[in-house]
2 protein chains.
Amino acid sequence: MARAATTADVFNAVAESRRREILDLLAVGERPVQELVDALGVAQPQVSKHLRVLRDVGLVDVRDAGRRRLYRVNAPALKPVHDWVKSFERLWEQRFEQLDAVLDELKQEDRDAQQ
Amino acid sequence: MARAATTADVFNAVAESRRREILDLLAVGERPVQELVDALGVAQPQVSKHLRVLRDVGLVDVRDAGRRRLYRVNAPALKPVHDWVKSFERLWEQRFEQLDAVLDELKQEDRDAQQ
DNA sequence: ACATTACATACCGATATGGGAATGTGTCAA
DNA sequence: TTGACACATTCCCATATCGGTATGTAATGT
């Protein structure tokens, strides 16, 4: 065995920053490949390959329009990521509350010290 | 150039399913390495290496306890992922609303047909 | 028909990655 | 002190992945 296949799932597809950039651009609306190439400053084959990965995991859909191909985000495919991360939300809110408590305490001590 | 370094950021750290499993286990509470090894059924060195990656991106903290090392989640490190995904929330809710609308429409047609 | 445009795919090379096995390091127990 | 235990690190290997370049393919324009 060796490295596990990574482009096979949404988490890995999204792990690549270029692909996140692509999704960010498509979040605004449908776009042809060339626009993405221009916006990203990346060579066309690279963009097509990233789009291929995104398509394979269902993160984007395509539509033919003459000799261009219009890509768009399929947002619901991100739900697994959202749900997983959300399960930790409680934990970090807890953390921030604790931090707030500590800060309040420090302020209080500060006031006490000044009297 | 070649492949980009991937373990360097939170998105990639979390892209590996084993590491997500580790975080899930640690979400419950602090645990020594051996417990993770048992729970995951993975060899100890592999677990230690995954923990190393998680530590490097700040997703977990360690605490020495005798000859054991207790790991715990540092949830706030997940916020960048949460925030990014959340920016797409609006899009998929929109999608679901559209789906609901279509379903309602179909139901209506169904009722109409039965009359 | 031919050139051009818009994409996709194939191929190549460099490198990062994960698993396995072996080894190193520090701590506790007898 | 010696052995056992808990964990980290190192080395090796197979492979996936990314970028770059070249090529294939389909649609449009002349």
Side-chain angles (χ1 to χ4, degrees), chain A residues 1-23 25-26 29-73, chain B residues 1-23 25-26 29-73:
Chain A
M1 235 157 295
R3 179 188 219 188
T6 71
T7 41
D9 69 294
V10 179
F11 282 91
N12 274 285
V14 154
E16 209 62 25
S17 62
R18 293 278 190 217
R19 291 197 278 262
R20 261 174 294 157
E21 290 181 52
I22 290 176
L23 290 175
L25 288 169
L26 295 180
E30 220 175 25
R31 280 177 199 274
V33 178
Q34 188 55 47
E35 264 189 48
L36 297 173
V37 170
D38 293 342
L40 296 170
V42 178
Q44 174 266 316
Q46 272 59 280
V47 174
S48 283
K49 278 185 279 189
H50 282 309
L51 285 170
R52 177 73 195 174
V53 173
L54 292 173
R55 214 151 64 88
D56 285 346
V57 300
L59 275 169
V60 299
D61 291 325
V62 211
R63 180 167 72 89
D64 279 28
R67 63 182 153 187
R68 300 193 307 171
R69 311 199 72 192
L70 301 179
Y71 282 84
R72 64 176 175 285
V73 178
Chain B
M1 233 156 296
R3 180 189 219 186
T6 71
T7 41
D9 68 293
V10 179
F11 282 91
N12 275 286
V14 153
E16 208 63 25
S17 63
R18 292 277 189 220
R19 290 197 280 261
R20 281 197 306 269
E21 289 181 54
I22 289 177
L23 291 175
L25 288 169
L26 295 180
E30 220 175 26
R31 280 174 199 276
V33 178
Q34 189 55 48
E35 264 189 46
L36 297 173
V37 170
D38 293 342
L40 295 170
V42 177
Q44 175 267 315
Q46 271 59 280
V47 174
S48 283
K49 279 185 278 188
H50 282 308
L51 286 169
R52 177 74 194 173
V53 172
L54 292 172
R55 214 151 64 88
D56 285 345
V57 300
L59 275 169
V60 299
D61 291 326
V62 211
R63 180 168 73 87
D64 279 29
R67 63 183 153 183
R68 299 192 308 169
R69 312 198 72 192
L70 301 179
Y71 282 86
R72 63 175 174 286
V73 177

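In what follows, chains carry the letters A, B, and so on, assigned in the order in which the sequence lines appear, proteins first and then strands, with residues in each chain numbered from 1. All heavy atoms count here, side chains included; hydrogens, waters and symmetry mates do not.
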Side chain of [X] only, heavy atoms from C-beta on: which candidate in [options] is closest?
{"X": "B/His50", "options": "C/dA8, C/dA6, C/dG19", "result": "C/dG19"}
{"X": "B/Lys49", "options": "D/dG19, D/dA8, D/dT10", "result": "D/dT10"}
{"X": "A/Arg19", "options": "D/dC18, C/dG18, D/dA22", "result": "D/dC18"}

What is the distance from [atom1] of [X] to [atom2] of [N], rounded to the nearest Å?
{"X": "B/Phe11", "N": "C/dA16", "atom1": "CZ", "atom2": "C1'", "value": "20 Å"}
{"X": "A/Glu16", "N": "C/dT17", "atom1": "CD", "atom2": "C1'", "value": "13 Å"}
{"X": "B/Arg31", "N": "D/dC7", "atom1": "CZ", "atom2": "C1'", "value": "17 Å"}
{"X": "A/Gln46", "N": "C/dA10", "atom1": "CD", "atom2": "P", "value": "15 Å"}
{"X": "A/Arg63", "N": "C/dA8", "atom1": "CZ", "atom2": "C1'", "value": "19 Å"}
{"X": "B/Glu21", "N": "C/dG19", "atom1": "CD", "atom2": "P", "value": "10 Å"}
{"X": "A/Asn12", "N": "C/dG18", "atom1": "CG", "atom2": "C1'", "value": "12 Å"}
{"X": "B/Gln34", "N": "D/dA8", "atom1": "CD", "atom2": "P", "value": "11 Å"}

Heavy atoms, side chains only, cut-off 4.5 Å: are [X] and [Y] in contact?
{"X": "A/Leu40", "Y": "A/Leu25", "answer": "yes"}
{"X": "B/Val60", "Y": "B/Ile22", "answer": "no"}
{"X": "A/Arg68", "Y": "A/Gln34", "answer": "no"}
{"X": "A/Val14", "Y": "A/Leu23", "answer": "yes"}
{"X": "B/Leu51", "Y": "B/Leu36", "answer": "yes"}

> Hey, is the main chain of A/Ala15 close enough, under 3.5 Å, to the side chain of B/Asn12 for a donor-acceptor pair?
Replying inline: yes
> Checking side chain to side chain donor-acceptor pair (under 3.5 Å) against B/His50, which of B/Arg20, B/Glu16, B/Arg19 comes through?
Replying inline: B/Arg19
>> Counting the atoms with a prime plus P, OP1 and OP2 as sugar-phosphate, which does B/Pro45 contact under 4.0 Å by heavy atoms, base, sugar-phosphate, or nothing?
In response: base
>> Strictly below 4.0 Å: does B/Arg52 bring a side-chain N or O up to OP1 or OP2 of D/dA8?
In response: no
> Can a side chain N or O of A/Tyr71 be found less than 4.0 Å away from OP1 or OP2 on C/dA8?
Replying inline: yes
>> So if I define the base as every atom that isn't primed, P, OP1 or OP2, how would nucleotides 24-29 of chain D read as a B/S/- string at a heavy-atom cutoff under 4.0 Å?
In response: ---BBS
> Between B/Arg55 and A/Val42, who's closer to the 5' end of DNA chain D by nearest nucleotide?
Replying inline: B/Arg55
>> With nearest nucleotide decided by heavy atoms, which residue, A/Ser48 or B/Gln44, maps closer to the 5′ end of DNA chain C?
In response: A/Ser48
